[in-house]
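Chain letters run A, B, ... following the sequence lines, proteins first and then strands; every chain starts at 1.
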Number of protein chains: 2
Amino acid sequence: MTSRATRAAGSDEAIAAGSAGDDLIELLFFAYRDFVGDPDRILAQYGFGRAHHRVLHFVDRYPGLTIAELLDILRITKQSLNRVLKDLIGQDYIAQKTGTSDRRQRLLFCTPAGTALAGDLIDVQARRVARALAEPDPGVGTGLATAESFLFGMIEPDERAAVRRLMARRIRSVA
Amino acid sequence: MTSRATRAAGSDEAIAAGSAGDDLIELLFFAYRDFVGDPDRILAQYGFGRAHHRVLHFVDRYPGLTIAELLDILRITKQSLNRVLKDLIGQDYIAQKTGTSDRRQRLLFCTPAGTALAGDLIDVQARRVARALAEPDPGVGTGLATAESFLFGMIEPDERAAVRRLMARRIRSVA
DNA sequence: GAGTTATGTCAGTGTTATTGACATATTTCA
DNA sequence: TGAAATATGTCAATAACACTGACATAACTC
């Protein structure tokens, strides 16, 4: 018997493990889907993808980042990183400098163009976050309700009705 | 001049647009990275990937979902869906039934094996969510602080120190 | 019966990722 | 000083996941 089956049987341990969080898990999917959608549209105009975005973002925010640090943050292989990094360096969005204390290291920095693009990308995402935070909060509820409210607010406004309609199928059948 | 540049100059509009949310944006990356990491490890044992997970999840939660509905939820093409759906049907995790009112439709349902796997996957994610919600909240703070606290709680505990250390590089240079 | 809708499928392509192996420069340390 | 470890770069092959465009079939609508 799986743990989920146990939860269906209504054990306290199982409920504590988070049956109530199932909606939140789904909202995280929808929130992230729309969250990355904004920058994707901008990046496409430059011939870049999501991988380029991640590299650009972290280099912009943490100038002087080394290759090893970036690999640890992104959890990808050297080969994967190198592909996108080559693009960004070749098109002058990122520059490398040899490390001073350790000359094996390549310290990464954004060029002015890189900083500008990174700024545009974080702007569009920050706007979405700001809007989500400005949404009316259900008030004194559980942390769960607050988290769900925030994630729902991250969803593209035009899509919220569809998500609400979909999730209502399930809420009805449970409550 | 980009909007980000404007924000650097300290305009109110720009600050309202979410300079303060930059940390949150980054935390969303780390939270999602670890959030999908749990199921990925389980799925690998079945030879499945993230795409299989998404299909299995939504079919499990919304039995009788049609192909068109699934395409709209996942925002992928028919061809992409069909590849993973074929795997899941071929290995008996999902079954199709012809629609009753509209016989063109293929209604999707989980088999017992599909429900069990979907349950195991949501369990491991629900545990992470439950842990994040159980984390001590900074209390009466802004919605921003609460959201950041939740997302930080979603990060794998062993990795939190590294994330905190990284982000401290920036917080220091701003404050 | 004509047009639309829901689904399936073929062929080709692109992005992002992987593993494994090997090369080079530099630093560390015994 | 010389050996080992570290940081990075690169080659080749592969896989997962996505795309576009085109076409086919069955079933519904009018």
Does a nitrogen or oxygen in the side chain of B/Ser80 sit under 4.0 Å from OP1 or OP2 of D/dC19?
-> yes

Grab the NZ-P distance between B/Lys78 and C/dT5 for me, whole Å please.
-> 13 Å

When you check the phosphate oxygens OP1 and OP2 of D/dC17, does a side-chain N or O of B/His52 lie under 4.0 Å from one of them?
-> yes

Rounded to whole Å, the CD-P distance (B/Gln79 to D/dA16) equals 19 Å

Which one of A/Arg127, A/Arg50, A/Arg128 satisfies the salt bridge (charged side-chain N to carboxylate O under 4.0 Å, His left out) criterion with A/Asp38?
-> A/Arg128

Just by modelled atom types, is the A/Ile73 backbone N or O under 3.5 Å from a matching donor or acceptor in the B/Arg33 side chain?
-> yes

5′-ward residue of the pair A/Gly47/A/Gly99 relative to DNA chain C | A/Gly47

Whether A/Ser80 side chain and A/Ile76 backbone form a donor-acceptor pair below 3.5 Å | no

At under 4.0 Å between heavy atoms, what does A/Arg83 touch on the DNA or RNA strands: base, sugar-phosphate, or nothing?
-> base

Please give, in whole Å, the distance from C/dC29 P to A/Asp102 CG?
-> 12 Å

When rounded to whole Å, the CD1 to C1' distance for the pair A/Ile76 and C/dT15 reads 12 Å

Side-chain N,O (B/Arg75) to OP1/OP2 (D/dA18) below 4.0 Å = no

Rounded to whole Å, CG of A/Leu85 lies from C1' of D/dA7 at a distance of 14 Å

Below 4.0 Å: OP1/OP2 of D/dA16 and any side-chain N or O of B/Arg50 | no

Looking at B/Arg54, does any N or O in its side chain come under 4.0 Å of the phosphate oxygens OP1/OP2 on D/dA16?
-> no

Looking only at atom types and distance, does a side-chain atom of A/Arg160 sit under 3.5 Å from a main-chain N or O of A/Ile155, one as donor and one as acceptor?
-> yes

So, does A/Gln125 use its side chain to make a donor-acceptor pair with the main chain of A/Val36 at under 3.5 Å?
-> no

Nearest whole angstrom, please: distance from the P of C/dA17 to the CG of B/Asp40.
-> 13 Å

Whole angstrom is fine here: how far is it from CG in A/Leu107 over to P in C/dT26?
-> 14 Å

Is there a donor N/O on one and an acceptor N/O on the other, under 3.5 Å, for the side chain of A/Arg104 and the base of D/dT6?
-> yes

Taking the nucleotide of DNA chain C with the closest heavy atom to each, which residue, B/Thr66 or A/Asp87, is nearer the 5' end?
-> B/Thr66

Atom-to-atom span, CD1 of B/Ile67 to C1' of D/dA27 - whole angstrom = 16 Å

Looking at every strand, decide which applies to B/Gln96 at a 4.0 Å heavy-atom threshold: base, sugar-phosphate, or nothing.
-> sugar-phosphate

Can a side chain N or O of B/Arg103 be found less than 4.0 Å away from OP1 or OP2 on D/dA27?
-> yes

Does OP1 or OP2 of C/dT18 have a side-chain N or O of A/Thr77 closer than 4.0 Å?
-> yes

Is the phosphate of C/dT7, meaning OP1 or OP2, less than 4.0 Å from a side-chain N or O of B/Asn82?
-> no

Please confirm whether A/Phe58 and B/Phe29 have ring centers closer than 6.0 angstrom.
-> yes

